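All remarks here apply to the structure that follows.
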Amino acid sequence: MYEPRLETMRPEKLRELQLERLRKMSRYAVENVPMYKRRFKEAKLDPSGIRTLEDAAKIPFTVKTDLRDHYPYGILAVPIDKVVRIHASSGTTGKPTVVSYTRNDLETWARLMARTFAAAGAGPGDIVQNAYGYGLFTGGLGFHYGAERVGAAVIPSATGNTKRQLMLMKDMRTTVLCSTPSYAMYLGEAALGEGYKPKSDFKLKAGLFGAEPWSEEARARIQEVLGLRAHDCYGMSELYGPGVAVECANQKGLHIWTDEFLVETIDPETGEVLEPGKKGEMVFTMLTREAMPLLRYRTRDLAIIDHEECSCGRHHPRIMRIQGRSDDMLIIGGVNVFPSQVEHVLMNVPQIGDQYQIIVDRDLLDKLSVRAEVAQSFPFDKEAERASLAKSLESDLQALLTVHAKVELVPHGALQRSEGKAKRVIDLRKG
Ligand code: ADP
Ligand code: ZN
């Protein structure tokens, strides 16, 4: 562990620390951010009215559009001369949101990222290949500073140039790979295609994969090809970036660093706080952020949070796998479908490759189709085998999704590979 005292703090102690910080943070936000001053006034709430952690529920939510409405610096709680870094989200769902950091914010972020690396077993002596995008996206610099902080050597390879990545991985004896899970899959496939024997040519022991949803089946594939232990990690630019939550060696859910974040799950429709263990939208309050404090920030990410103890010794609650954003949910003839469910079905079938697309269209009714690459070993030209594979997938999908999805199989290599966040859904009903 990088900070054993904080990482193993008992739940009661954690709650005490959270409450102390929450009270301080509420006051800080109200005194320094006009938006919060107004919101608290409208809610007839004074920071001194926050006496228990449950009182957090009285604080109004902050949503993504608040950031856009205050673009670019409206939520700053410090004068601009205290800001030392500015990032922007990748804007998957619209105009980018700008996030600013003070020196202390960068320090906190680097510490949380160092914990993230330590949770994956990385430290001095490790060679970290950081294949996240460097730039406005928080992935590159977030992992970079965390790797340095934990004492590893970092290769800032960034995304793309896949052949060179593989050469570096072998020659530099990379032990820890950081990338999106979709790029990790592609790296594995490309390694085999280039004639590498990943398990003996590479020295990989762990991977830190996040920034997009991925399934347990995808994890199994990545681990099998690259011969490493794949850790899921979660974050978002509004909450510093990556480093909000990570899996320990148990790989059973992502520990949220709750000394820095107060987390609640709410019913996305009513905004009501749900009991622990119920699936809902995660809402985060940053407990020590200086430049851009966010109180009860609605992530739109749906997950279940588990408070059971973990044998690793960390008492921080865990996000059981993130189902995806509520924005990503497709409504097909009134039925809710998550892209992650489709992935779950596809990746379970060895004859199917790693790449797929989900296409939604409408003539009179909604039509869902799934275009999937077959595995390299699959005899694509044998029509009968193709038809029978498609048919069995259609029935698996129907069983899980309860709506019909037409399956189109395409040859191995036909679909575009992703180097960052994969774009797998094509919704032709929009626009
Ligand atoms: P943008 O919002 O523009 O995509 P971010 O890079 O900040 O910019 O993306 C954060 C989002 O990425 C999260 O809200 C979540 O939906 C997704 N995400 C990040 N990590 C994971 C993960 N491990 N599993 C699933 N989704 C993730
Ligand atoms: Zn653990």
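The figures here come from the full heavy-atom set of this structure, side chains too, leaving out hydrogens, waters and symmetry mates. Numbering of ligands and ligand atoms starts at 1, following listing order. Along the sequence shown, residues are numbered consecutively beginning with 1. These numbers come from a predicted model, not from an experiment.
Within 6.0 Å of atom OH in Tyr28, more than 12 heavy atoms from other residues, nucleotides or ligands are found, so the atom counts as buried in its surroundings.
Distances between N or O atoms of Gly210 and those of ligand 1 include no value under 3.5 Å. Residue Asp232 has at least one nitrogen or oxygen atom sitting less than 3.5 Å from a nitrogen or oxygen atom of ligand 1, judged on distance alone.
Note: angle at the Zn ion (ligand 2), from NE2 of His255 to SG of Cys248, is 110° (rounded to 10 degrees). To the nearest 10 degrees, the angle centred on the Zn ion (ligand 2) between SG in Cys312 and SG in Cys310 reads 110°.
Each of the atoms 6 (O) of ligand 1 lies under 4.0 Å from some heavy atom of Phe137. Ligand 1 places these atoms under 4.0 Å from at least one heavy atom of Cys233: 20 (N), 22 (C), 23 (N). Numbered from 1 in the order shown, with element, the atoms of ligand 1 that lie under 4.0 Å from a heavy atom of Ser89 read 3 (O), 8 (O). Those atoms of ligand 1 with a heavy atom of Lys421 less than 4.0 angstrom away are 4 (O), 5 (P), 6 (O), 8 (O), 9 (O), 10 (C), 11 (C), 12 (O).
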Where do Phe284 and Tyr297 land on the ring-ring contact (aromatic ring centres under 6.0 Å, His included) test, with the steps shown first? CA-CA 5 Å; Phe284 283 89; Tyr297 186 67; 8.9 Å; no
Please evaluate residues Phe117 and Tyr2 with respect to the criterion ring-ring contact (aromatic ring centres under 6.0 Å, His included), reporting the C-alpha separation (whole Å), side-chain torsions for both, the decisive distance (0.1 Å), and the verdict. CA-CA 8 Å; Phe117 276 99; Tyr2 180 69; over 10 Å; no
Before you tell me yes or no, could you show the steps for Trp109 and Tyr101 under ring-ring contact (aromatic ring centres under 6.0 Å, His included), namely the whole-Å CA-CA distance, both residues' side-chain angles and the distance that decides it to 0.1 Å? CA-CA 9 Å; Trp109 187 20; Tyr101 307 72; 5.2 Å; yes
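None of Arg371, Arg424, Glu373 except one satisfies the side chain to side chain contact (heavy atoms under 4.5 Å, CB included) rule with Tyr356; the exception is Arg424.
Within the 4.0 Å heavy-atom criterion, both parts of Met236, backbone and side chain, lie near ligand 1.
Gly235 counts as a contact of ligand 1, since one of its heavy atoms falls under 4.0 Å from the ligand. The shell of residues lying under 4.0 angstrom from ligand 1, judged by heavy atoms, includes Lys64.
Using a 4.0 Å cut-off between charged nitrogen and carboxylate oxygen, Glu308 and Arg318 do not count as a salt-bridge pair.
Put simply, OG1 on Thr265 and CD on Glu275 are 10.0 Å apart, with the number rounded to the nearest 0.5 Å.
Looking at Cys248 and Cys310, their side chains come closer than 4.5 Å, going by heavy atoms from C-beta outward.
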